[in-house]
Amino acid sequence: MSDTPMLGDPPVRVSVETDLVHRLVADQFPQWAYLPVRPVADGGWDNWTFHLGSEMSVRMPSAAEYALAVPKEHRWLPELAPKLPLPIPVPLAQGVPTSEYPYAWSVYPWLAGEPATRDRIADPVKFALDLAEFLGALRDVDPTDGPGPGVHNWYRGGPLRTYAGLADNALAALTGYLDVDRARRIWQSTLEIPWDGVPIWFHGDVARGNLLLDQGRLAAVIDFGTCGVGDPACDLAVAWTLLTAEGRAAFRARLAVDDATWQRGRGWALWKMLTTCAYGLDEADDPDESTLEARRALDEILAED
């Protein structure tokens, strides 16, 4: 019997309207009842995110599985924040479930900035070095009692084989759109690379929407819902999904990543980009920005020796 965890069925998401958030805030945190509530544009998938006034945000998990991250964030983010070189969101208050909304939820300070995209990054190498410094500091935090891979973070930090079904489905769907044989060989090779088993803190979703820029420079890292302790290779996917070739080299050198971990990181990037491209096939004639970026990243992943 395999020890590889199974992802299971996709979460059943619930919708959250602005009026509900306002009622919950007013009932549970009356000191903020006077503040306006409005949805955040592109507020994420795991959580519905709302502005609370101009200096706070409310994060409402969209499904029971995503709500598992709430107590983790309240437990660990206050401990991680002082040890990291960039601001991260530290929760201000934790809401409780009600008859109207079934999950725990959070109030956070609002961290200003715009999502990192290649065209917004002022200096790609400097950005890569700053990101490596942040992840290096996170890796240095004592992992004792930290949360291991599980449903709370969709098994980030665990074995890549957990995602084999998603990768295989994407490869089948993309036949004729890219060099599927090469992609499959790379994917299979990454599955065979062992991890030494030493748990290390990781973010779990180092992606452009969670990296905030101020005047083109990395200014904050947000959304720690997938964080935990385990194999940190999952945090290396960003090397292909966002960094330039020069930035990728600087990033790897600053983090001093060994060959095995680097190749596992390549595997994380590969299944993510395969899945994104497969989802975008219905818009093949007019792909959105995320699909275009995924295809670019796939080209770089497949071109690398």
Chemist: Is the shortest heavy-atom distance from the side chain of Ile121 to the side chain of Leu213 under 4.5 Å?
Modeler: yes
Chemist: Verify the cluster assignment for Val21 and Trp110: are they in a single hydrophobic cluster under the rule of side-chain heavy atoms below 4.5 Å apart?
Modeler: no
Chemist: Do the side chain of Asn210 and the main chain of Val206 share a donor and acceptor less than 3.5 angstrom apart?
Modeler: no
Chemist: Counting only heavy atoms from other residues, nucleotides and ligands, does the tally under 6.0 Å from CD of Gln215 exceed 12?
Modeler: no
Chemist: Any side-chain heavy atom of Tyr108 within less than 4.5 Å of one from Glu73?
Modeler: yes
Chemist: Where do Leu80 and Val141 land on the side-chain contact (heavy atoms from CB on, under 4.5 Å) test, with the steps shown first?
Modeler: CA-CA 7 Å; Leu80 294 177; Val141 177; 3.7 Å; yes
Chemist: Could you go step by step and tell me if Arg161 and Glu192 meet the salt bridge (charged side-chain N to carboxylate O under 4.0 Å, His left out) rule?
Modeler: CA-CA 9 Å; Arg161 287 190 183 278; Glu192 304 303 323; 2.8 Å; yes
Chemist: So, are Asp168 and Arg184 salt-bridged, with charged N and O less than 4.0 Å apart?
Modeler: no
Chemist: Could you check whether Asp130 pairs with Lys126 (Lys NZ or Arg NE/NH1/NH2 to Asp/Glu carboxylate O, under 4.0 Å)?
Modeler: yes
Chemist: Taking the side chain as C-beta and beyond, is there a heavy-atom pair between Pro109 and Pro91 under 4.5 Å?
Modeler: no
Chemist: Pick from Arg266, Arg118, Arg295: which one makes a salt bridge (charged side-chain N to carboxylate O under 4.0 Å, His left out) with Glu300?
Modeler: Arg118
Chemist: Looking at Pro149, is its backbone amide N or carbonyl O close enough to the side chain of Arg156 to form a donor-acceptor pair, meaning the two atoms are under 3.5 Å apart?
Modeler: no
Chemist: Tell me whether the NZ or CZ atom of Arg13 lies within the 45° cone about the ring axis of Trp45 and under 6.0 Å from its centre.
Modeler: yes
Chemist: Sub-3.5 Å donor-acceptor pair from the side chain of Lys72 to the main-chain atoms of Cys227, do we have one?
Modeler: yes
Chemist: Does Leu68 share a hydrophobic cluster with Leu77, counting links as ILVMFWY side-chain heavy atoms below 4.5 Å and allowing steps through other members?
Modeler: yes
Chemist: Ignoring hydrogens, what is the shortest heavy-atom contact between Tyr66 and Pro11? Give both atom names and the distance.
Modeler: OH-CG, 3.6 Å
Chemist: Please assess Met60 against Leu24 for the test side-chain contact (heavy atoms from CB on, under 4.5 Å), listing each intermediate value before the final yes or no.
Modeler: CA-CA 11 Å; Met60 313 289 295; Leu24 291 173; 3.5 Å; yes
Chemist: Can a donor-acceptor pair be found, under 3.5 Å and without considering hydrogens, that links the side chain of Asn153 to the backbone of Gly225?
Modeler: no
Chemist: Any idea which heavy atoms bring Gln94 and Val70 closest together, and the distance?
Modeler: CD-CG1, 3.9 Å
Chemist: Without swapping roles, check the side chain of His203 against the backbone of Asp223 for a donor-acceptor pair under 3.5 Å.
Modeler: yes
Chemist: Measure across Ala173 and Ala278 and return the closest heavy-atom pair with its distance rounded to 0.1 Å.
Modeler: CB-CB, 4.2 Å
Chemist: Going by heavy atoms in the side chains, are Leu212 and Val221 under 4.5 Å from each other?
Modeler: no
Chemist: Working to the nearest 0.5 angstrom, can you tell me the gap between Asp42 CG and Thr49 OG1?
Modeler: 10.5 Å
Chemist: Check whether any side-chain N or O of Thr175 sits under 3.5 Å from a backbone N or O of Leu171 as a donor-acceptor pair, and report yes or no.
Modeler: yes
Chemist: Hey, is CG on Asp9 packed in by over 12 heavy atoms from elsewhere, all under 6.0 Å?
Modeler: no
Chemist: Do side-chain atoms of Gln28 reach the backbone of Val96 as a donor and acceptor pair under 3.5 angstrom?
Modeler: yes
Chemist: Working to the nearest 0.5 angstrom, can you tell me the gap between Thr190 OG1 and Ile301 CD1?
Modeler: 10.5 Å
Chemist: For a quick test of reading the model, state the closest non-hydrogen atom pair linking Trp271 to Ala167 and the distance between them.
Modeler: CB-CB, 4.1 Å
Chemist: Quick one: which residue pairs count as a side-chain hydrogen bond (donor to acceptor under 3.5 Å, both in side chains) with a foot in residues 225-245, not counting sequence neighbours?
Modeler: Asp231-Arg264, Trp240-Glu304
Chemist: If hydrophobic clusters are built by linking Ile, Leu, Val, Met, Phe, Trp and Tyr wherever their side-chain heavy atoms come under 4.5 Å apart, do Leu135 and Leu129 end up in the same one?
Modeler: no
Chemist: Looking at Glu114 and Arg217, is any side-chain nitrogen of the basic one under 4.0 Å from a carboxylate oxygen of the acidic one?
Modeler: no
Chemist: Rounded to the nearest 0.5 Å, what separates atom CZ in Arg254 from atom CG in Leu131?
Modeler: 11.0 Å
Chemist: What pair of heavy atoms forms the shortest contact from Leu211 to Phe127, and how long is it?
Modeler: CD1-CZ, 3.9 Å
Chemist: How long is the gap from OH on Tyr103 to OG on Ser62, to the nearest 0.5 Å?
Modeler: 8.0 Å
Chemist: With the side chain counted from C-beta on, respond yes when Leu35 and His51 share a heavy-atom pair under 4.5 Å apart, and no when they do not.
Modeler: no
Chemist: Verify the cluster assignment for Trp195 and Leu191: are they in a single hydrophobic cluster under the rule of side-chain heavy atoms below 4.5 Å apart?
Modeler: no
Chemist: Tell me whether the rings of Trp105 and Phe29 are parallel (<30°), tilted (30 to 60°) or perpendicular (>60°).
Modeler: perpendicular
Chemist: Quick check: is Phe202 connected to Leu236 through a chain of hydrophobic side chains (ILVMFWY, heavy atoms under 4.5 Å apart)?
Modeler: no
Chemist: Only counting residues at least two apart or in another chain, list the ones meeting salt bridge (Lys or Arg N to Asp or Glu O under 4.0 Å) with Arg182.
Modeler: none
Chemist: Under a 4.5 Å cut-off applied to non-hydrogen side-chain atoms, are Pro61 and Asp46 in contact?
Modeler: no
Chemist: Checking Thr261 side chain against Val257 main chain: does a donor-acceptor pair fall under 3.5 Å?
Modeler: no
Chemist: Run the side-chain contact (heavy atoms from CB on, under 4.5 Å) check on Leu298 and Cys277 step by step: do they pass?
Modeler: CA-CA 9 Å; Leu298 269 180; Cys277 285; 3.5 Å; yes
Chemist: Could you walk me through whether Trp48 and Arg59 pass the side-chain contact (heavy atoms from CB on, under 4.5 Å) test, one step at a time?
Modeler: CA-CA 6 Å; Trp48 300 101; Arg59 281 166 57 87; over 6 Å; no
Chemist: Taking the side chain as every heavy atom from C-beta outward, state whether Asp140 and Lys83 have any atom pair closer than 4.5 Å.
Modeler: no
Chemist: How close do Leu178 and Ala183 get, counting heavy atoms only, and between which atoms?
Modeler: CD1-CB, 4.3 Å
Chemist: So how far is it from Arg208 CZ to Leu242 CG, rounded to the nearest 0.5 Å?
Modeler: 8.5 Å
Chemist: Measuring from Tyr163:OH to Thr4:OG1, what's the distance to the nearest 0.5 Å?
Modeler: 11.5 Å
Chemist: Do Ser57 and Phe50 touch side chain to side chain, with heavy atoms closer than 4.5 Å?
Modeler: no
